[in-house]
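Before any comments, here is the structure.
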Amino acid sequence: MALDLFPVMPVTDFAAATNWYERLFGVPFAFRAHDTEVVWELAEHRYLAVHQAPEHAGHTHVTVFVDDLDALADGIAARGIEPAVRETYGNGVRKFTYHDPDGNEIGYGGAPVS
């Protein structure tokens with residue numbers, strides 16, 4: 001069975017959020033689903049959408065595990081966004097959490113540093 005992952009980030013200000021996510025991901029959205037929803041392809045069959053839905057904005061948490069957390073964070077910082085939280089768990093796994101303008105959380109996790 002094929003499987004696609006498609007979390008949706010509800011936002012208040014669609015234009016501002018679209019701009020913020022373009023800076024976070026470093027690329028424009030892949031396609032527009034409709035007038036108030038755009039979609040990025042993070043990896044094959046793994047998407048993230050931003051949708052104007054003010055009544056639900058700020059309540060979503062998504063974590064993406066990547067193979068080079070430091071390089072990813074450096075790229076995001078170069079685009080003007082810093083993590084709100086940097087954590088290292090007891091097993092050495094690290095997580096950097098970013099908050100969009102509505103407070104939705106996008107976390108990036110990475111394997112322990114050798």
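Computation of the quantities below employed the complete heavy-atom set of this structure, encompassing side-chain atoms and omitting hydrogens, waters and symmetry-equivalent molecules.
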Search all heavy atoms of [X] against all heavy atoms of [Y] and return the closest pair with its distance.
X	Y	answer
Val62	Pro7	CG2-CB, 4.0 Å
Val50	Ala17	CG1-CB, 4.0 Å
Glu105	His99	CG-CD2, 3.1 Å
Ala33	Val39	CB-CG2, 4.4 Å
Thr60	Asn104	N-OD1, 3.1 Å
Asp35	Phe14	O-CE2, 3.7 Å

Pairs touching residues 19-32 that satisfy salt bridge (Lys or Arg N to Asp or Glu O under 4.0 Å), sequence neighbours left out: none
Return each pair, listed once, that meets salt bridge (Lys or Arg N to Asp or Glu O under 4.0 Å) where at least one residue sits in residues 38-56; pairs must be two or more places apart or across chains. none
With sequence neighbours left out, what residues match Arg86 under salt bridge (charged side-chain N to carboxylate O under 4.0 Å, His left out)? Glu82
For Asp13, give me all partners under salt bridge (charged side-chain N to carboxylate O under 4.0 Å, His left out), at least two apart in sequence or on another chain.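 Not a single residue meets the salt bridge (charged side-chain N to carboxylate O under 4.0 Å, His left out) criterion with Asp13.
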Between Asp100 and Ile106, is the side-chain contact (heavy atoms from CB on, under 4.5 Å) condition met? List the steps. CA-CA 8 Å; Asp100 77 8; Ile106 304 289; 5.9 Å; no
Got a sec, which residues hit side chain to side chain contact (heavy atoms under 4.5 Å, CB included) with Pro101, two or more places apart in sequence or on another chain? Trp20
Applying side chain to side chain contact (heavy atoms under 4.5 Å, CB included), can you list everything that pairs with Val66, at least two apart in sequence or on another chain? Val64, Leu69, Leu72, Tyr108
Got a sec, which pairs hit ring pair (Phe, Tyr, Trp, His ring centres under 6.0 Å) with one end in residues 53-97, sequence neighbours left out?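 Qualifying pairs: none.
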For [X], check side chain to side chain donor-acceptor pair (under 3.5 Å) against everything at least two apart and list the hits.
X	value
Asp68	none
Thr12	Asp102
Asp4	His45

Crowding at CG, Asp74 (>12 non-hydrogen neighbours, <6.0 Å):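 Result for CG/Asp74: enclosed.
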Counting neighbours of CG on Asp67 that are heavy atoms of other residues, nucleotides or ligands and sit closer than 6.0 Å, is the number greater than 12? no
Applying a strict under-4.5 Å side-chain criterion to I, L, V, M, F, W and Y, I'd like to know whether Leu42 and Tyr98 cluster together. yes
In terms of hydrophobic clustering (I, L, V, M, F, W, Y; side-chain heavy atoms under 4.5 Å; direct or indirect links), are Val27 and Ile76 co-clustered?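 Same cluster: Val27 reaches Ile76 through Ile, Leu, Val, Met, Phe, Trp or Tyr contacts under 4.5 Å.
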List in chain and number order the residues that pass ring pair (Phe, Tyr, Trp, His ring centres under 6.0 Å) with Phe6, two or more places apart in sequence or in another chain; answer none if no residue qualifies.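 Listed in chain order: Tyr47.
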Determine the interplanar angle of the Trp40 and Tyr21 rings, folded into 0 to 90°, and report it as parallel if under 30°, tilted if 30 to 60°, perpendicular if over 60°. tilted
Is it true that a side-chain atom of Arg94 and a backbone atom of Gly110 form a donor plus acceptor pair closer than 3.5 Å? no
Apart from Val85 itself, its cluster of hydrophobic side chains linked below 4.5 Å comprises none
